[in-house]
Protein chains: 2
Amino acid sequence: MLPYKELARLDKLVHEPARLAILTALSACTLAEFLFLQELTGLTKGNLSSHLAKLEKAELIVIDKHFIRKKIPQTTVRITDEGRAAVDRHWKQLASIHRAIQRQGAHNENHIVSRTTLT
Amino acid sequence: MLPYKELARLDKLVHEPARLAILTALSACTLAEFLFLQELTGLTKGNLSSHLAKLEKAELIVIDKHFIRKKIPQTTVRITDEGRAAVDRHWKQLASIHRAIQRQGAHNENHIVSRTTLT
DNA sequence: AGAACCAGTTTGTAATGTAAACCTAAAAAA
DNA sequence: TTTTTTAGGTTTACATTACAAACTGGTTCT
């Protein structure tokens, strides 16, 4: 596929900044506490909560809500294999698209203009 | 800034897939025709039109609507210096954040879990 | 004249992301 | 003991967004 087309079609579930941050952070953890994740990403609790819900629905993460000593609520999050694959793929895709474009830009001297010159 | 925080705060005007594609394409051109850009990115006319409007409003591009031989309407687009700087910065920022995270991941053996372990 | 086409723009709408308000329970203060 | 504050999130409300579909104004074909 043309690199610009690929770029325009990136998976927005993963690409969205807050979720890319969450997924990337999680892919470096075995398990993460809600509040830890919040500190890491700088998101508000509300936003973190709803982004996590969206990621869980897509089965990219698993959320576990429980209580510490039957008292304090704690939410922990793990990335799924599918989630890890998705975020990995996304970073690789970004890099590969960017490389492809830079190579192309280098050899046509940056003067593409019209449809008629499209190769 | 913590890399995950930086990631979560990326400029969405530039980061959005369609617009990142448009800006990146334009930064490799001196000038581009509307229809050429459409072919390159695979966007529909409607979407391309509204994304372009948004980018123009932010002064990242300049749009010129004119007629060929006073007959056929033609819209051409150029990226501004500001736009070129923004898209350039964005790609560099993505790469640098990713590098920073990979380095960090490498030396703490991927078991970060809770706030109390945050360095 | 009418039909089809071209090059885009505008409109309508469903989904998105965010901040602010809210909830439940525990700990601290009065 | 009652009240207040804090902790750990969730839910709600709203403004913004992105997209597809419908539309516009002109042109060429028949």
Side-chain angles (χ1 to χ4, degrees), chain A residues 5 7-23 31-58 60-78 113-116 118, chain B residues 5 7-23 31-58 60-78 113-116 118:
Chain A
K5 220 171 225 171
L7 196 42
R9 290 181 181 179
L10 286 172
D11 179 357
K12 284 194 210 145
L13 181 68
V14 176
H15 192 65
E16 197 280 327
R19 286 189 300 260
L20 187 56
I22 293 169
L23 287 174
L31 186 76
E33 295 172 12
F34 183 98
L35 290 174
F36 171 63
L37 217 47
Q38 197 203 335
E39 198 147 340
L40 221 50
T41 59
L43 296 167
T44 63
K45 290 162 198 258
N47 292 345
L48 179 54
S49 177
S50 55
H51 282 303
L52 288 179
K54 202 156 292 192
L55 290 171
E56 184 177 43
K57 195 169 170 190
L60 300 184
I61 65 171
V62 176
I63 302 178
D64 176 26
K65 299 173 189 189
H66 58 268
F67 290 82
I68 301 181
R69 298 193 323 275
K70 303 193 177 183
K71 300 226 168 174
I72 302 167
Q74 189 183 45
T75 299
T76 58
V77 187
R78 278 182 309 106
V113 169
S114 83
R115 264 184 305 170
T116 61
L118 185 58
Chain B
K5 219 169 227 172
L7 197 42
R9 291 181 180 178
L10 286 172
D11 180 358
K12 285 195 211 141
L13 180 68
V14 175
H15 191 66
E16 198 281 327
R19 286 188 301 260
L20 187 55
I22 293 169
L23 287 174
L31 186 77
E33 292 171 14
F34 183 98
L35 290 174
F36 170 63
L37 218 47
Q38 197 202 337
E39 198 147 340
L40 219 52
T41 59
L43 296 166
T44 62
K45 289 162 198 255
N47 292 345
L48 179 54
S49 177
S50 54
H51 282 303
L52 288 179
K54 202 154 295 188
L55 290 171
E56 183 177 43
K57 194 170 170 190
L60 301 185
I61 66 172
V62 177
I63 303 178
D64 176 27
K65 299 173 189 190
H66 58 268
F67 290 82
I68 301 181
R69 297 194 324 275
K70 302 193 177 184
K71 300 226 168 175
I72 302 168
Q74 188 182 45
T75 299
T76 57
V77 187
R78 279 182 308 105
V113 168
S114 83
R115 263 185 306 170
T116 62
L118 186 56

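So you know, we letter chains A, B, ... as the sequences are listed, proteins then strands, and number each from 1. Worth saying up front: this structure is predicted, and the values here are computed from it rather than measured.
Taking atom CG of Leu52(B) as the reference point, atom C1' of dA18(D) lies 14 Å away to the nearest angstrom. Spacing between atom NE2 of His51(B) and atom C1' of dT9(C) amounts to 15 Å, rounded to whole angstrom units. One atom, CZ of Phe34(A), and another, C1' of dG9(D), lie 6 Å apart when rounded to the nearest Å. Atom CD1 in Ile22(B) sits roughly 13 Å away from atom C1' in dC19(D) (whole-Å rounding). When rounded to the nearest whole Å, the span between NE2 of His66(B) and P of dG26(D) equals 17 Å. Nucleotide dG17(C) holds its P atom 12 Å from the NZ atom of Lys57(A), rounded to whole Å. One interatomic measurement links the two molecules: CG of Leu10(A) to P of dA18(D), which rounds to 14 Å at whole-angstrom precision. Atom CD of Glu16(A) and atom P of dT16(C) are 11 Å apart (whole Å).
Between Ala53(A) and Ile63(A), the shortest heavy-atom distance links the atoms N-CD1, 4.4 Å.
Where Ala8(A) and Asn47(A) each meet DNA chain D at their nearest nucleotide, the meeting point lying more 5' is that of Asn47(A). Residues Arg19(B) and Gly46(A) each lie close to DNA chain D; by heavy-atom proximity, the contact nearer the 5' end of the strand is made by Gly46(A).
Note that NE2 of His51(B) is 6.0 Å distant from CG of Leu43(B), once rounded to the nearest 0.5 Å. Note that the CD atom of Gln38(B) and the NZ atom of Lys5(A) stand 9.5 Å from one another [nearest 0.5 Å]. With rounding to the nearest 0.5 angstrom, the NE2 atom of His15(B) is 7.5 Å from the CG atom of Leu20(B).
Checking dA19(C), dA18(D), dT16(C) against every side-chain atom of Lys54(B), the shortest atom distance belongs to dA18(D). The listed nucleotides are dT18(C), dT10(D), dA7(C); the one nearest the side chain of Lys45(B) is dA7(C). Here the nucleotide nearest the side chain of Ser50(A), chosen from dC19(D), dT18(C), dA19(C), is dT18(C).
Contact annotation for Ser49(B): base contact, defined as any heavy-atom pair under 4.0 Å involving a base atom. When heavy atoms are screened at a 4.0 angstrom cut-off, Leu48(B) is found touching no nucleic acid atom at all. Thr75(A) comes within 4.0 angstrom of sugar-phosphate atoms only, judged by non-hydrogen atoms across all strands, and of no base.
Between Lys12(A) and dA15(C) there is no side-chain N or O to OP1 or OP2 distance below 4.0 Å.
Residues Glu16(B) and Lys12(A) are in side-chain contact: their nearest non-hydrogen atoms beyond the backbone lie under 4.5 Å apart.
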